[in-house]
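The structure appears below as structure tokens.
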Amino acid sequence: MVCDLPLPTSFTSRPTVTQPSPTSASVHPPAYNYSTIVDYTLNLDIVHSEIPTKFSRAPRTCPFYKRMPHSNFAIDAFSYGRIPDCTGYFLTHFHADHYGGLTSTFNHGPIYCSAVTANLVIHKLGVNSQWVRVLPLNQPVLIGEARVTLFEANHCPGSVLFFFDIPLPSPATAARSFKILHTGDFRACPAQCLNPYIKDTQLDALYLDTTYLDPTYAFPPQREVIEAAPKHRLDDRLLFVVGTYTIGKERIFASIAEALDSKVYVDYPKKRILRCLEDPALWARLTDRAADAQVHVTAMNRITKLHMEAYLRENPAFTHLAAIKPTGWTFACRGLPRRRTFTMEHPTPISRSSNLLIMGVPYSEHSSFRELAAFVLSIQVKQIIPTVNVGDPARREEMRVWLDKWQAYKKHSGVQRIPVRQDYW
DNA sequence: GCGATCAGTT
DNA sequence: CACAACTGATCGC
């Protein structure tokens, strides 16, 4: 299995980093409007003071890239108390670094999210359901003047992209609307670009999850990793243990369990979380009896040699244990992007002994560099605003150079989208 | 007891 | 080492 297919070198070869543009005289963030976004994007240094730093003790204010221009909406912005004039608090998915600050005492206004995220917000955080508004997938809903549509983000269960289509107020521009796509955290795939609301749409702004916007980050398509599950039932006394965070990585343990025709054991707190996912096939595979399941799920931080040795002793029905640590950076190395292969028959062992194997599995829930390139090259958009790695000026500059390069490539080549085969670029 | 913040872990 | 995401300690009320 090939880790990464080649993209034309014209848009994946490393560009030279140019010097930052001259700093604006003003350090005070002006009101949020389209020209502000242009300024911010061209020179993010002027809003560096807005980006939270680890050592700041001052009360934090919501940074510009979490507020949607021409609206009173904020995205994944629960760490700033009540945001002045905010009429809609949007949540892209249920990971702590995005819902951070959201607690049972929240009373600032409506929270808009998917059904799965709503279940988790209510049942895990205890947020009063009077504040939670479930939005459907792939179906526009009017919120005030704005038309909002959610799409599958391919990150974790319940994760969504938000598409905002906002009428512009002034008579001169009444015929036009302002169109924003916010990716939250996502793993880019062609279906996101090809859906009828995005395909052939000229977007004004793309708020982009730029986590792996660096050619270092090359890893296989998720489908190939899922299909790398054992092809047939192995020794009944071999136990698979899969590490997970609160939500995410379900497709790994589900596909292994399916291949082994086994139940899946999770502890009771995890079972309560999985119930929120509204996935009947996953639910039907669960069991409360550890000895009945050849596939167990545990917290990611338990996937260590010491913990797994103890785990095997605690489960005497099994003689051998294969622990799986799904992670996005297994194949990441500093320097040039590499091609590697991955199969369960030739795993990447983190640790092994006579009866214990711990392997890293390159199962990322963020886009690879290549997928990010294909996504940006398959979308028509005026401005791209990174939402990740924005705290480091050097990273901001590197990201800006890549994004400018892709934008220029589209403009000069006339390419509108990257060809798709079998639902993948 | 609750929430905010930061340091530490894998 | 890289990284996202989580966990735990500490502080203030």
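- A:H155 comes within 4.0 angstrom of sugar-phosphate atoms only, judged by non-hydrogen atoms across all strands, and of no base.
- Scored by the salt bridge (charged side-chain N to carboxylate O under 4.0 Å, His left out) test, A:D404 finds A:R400 as partners (sequence neighbours excluded).
- For A:E278, the side-chain hydrogen bond (donor to acceptor under 3.5 Å, both in side chains) test picks out A:N119, with sequence neighbours left out.
- A:F90 pairs by the ring-ring contact (aromatic ring centres under 6.0 Å, His included) definition with A:F73, A:Y112, A:F162, A:F164, not counting sequence neighbours.
- Following rounding to the nearest Å, A:D214 (CG) and C:dC1 (C1') show an atom-to-atom distance of 14 Å.
- At a non-hydrogen distance threshold of 4.0 Å, nothing from residues 101-119 of chain A comes into contact with DNA chain C.
- Remark: P of B:dG3 and CZ of A:F78 are 15 Å apart, rounded to the nearest angstrom.
- Side chains of A:D76 and A:T92: a donor-acceptor N/O pair is present below 3.5 angstrom, by distance only.
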Can you pull every protein N or O that's under 3.5 Å from an N or O on nucleotides 8-10 of chain B?
{"from": "B:dT10", "atom 1": "O3'", "to": "A:K325", "atom 2": "NZ", "distance (Å)": "3.3"}

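- At least one side-chain nitrogen or oxygen of A:T246 sits closer than 4.0 Å to the OP1 or OP2 atom of C:dC6.
- With sequence neighbours excluded, the residues that form a side-chain hydrogen bond (donor to acceptor under 3.5 Å, both in side chains) with A:K270 are A:T244.
- For the salt bridge (charged side-chain N to carboxylate O under 4.0 Å, His left out) test, no residue two or more places apart in sequence or in another chain qualifies with A:D279.
- The side chain of A:Y217 lies closest to C:dA2, out of C:dC6, C:dA4, C:dA2.
- With 3.5 Å as the limit, one finds a donor-acceptor pair spanning the side chains of A:H296 and A:Y311.
- Taking side-chain N and O atoms only, A:R395 has no distance below 4.0 Å to OP1 or OP2 of C:dA2.
- Taking atom NE2 on A:H95 and atom P on C:dC3, their separation rounds to 18 Å, with Å as the unit.
- Residues satisfying the salt bridge (charged side-chain N to carboxylate O under 4.0 Å, His left out) test with A:R417, not counting sequence neighbours, are A:D200.
- Between A:H93 atom NE2 and C:dC6 atom C1' there is a gap of 13 Å when expressed in whole angstrom units.
- The CD1-C1' distance, from A:I247 to C:dA5, rounds to 12 Å in whole Å.
- Put simply, NZ on A:K270 is 10 Å from P on C:dT7, counting in whole angstrom units.
- Between A:L125 atom CG and B:dG3 atom P the separation is 10 Å, expressed in whole Å.
- With sequence neighbours excluded, the residues satisfying side-chain hydrogen bond (donor to acceptor under 3.5 Å, both in side chains) with A:H95 are A:H93, A:H155.
- We find that OH of A:Y363 is positioned 21 Å from P of C:dC3, with the value rounded to whole Å.
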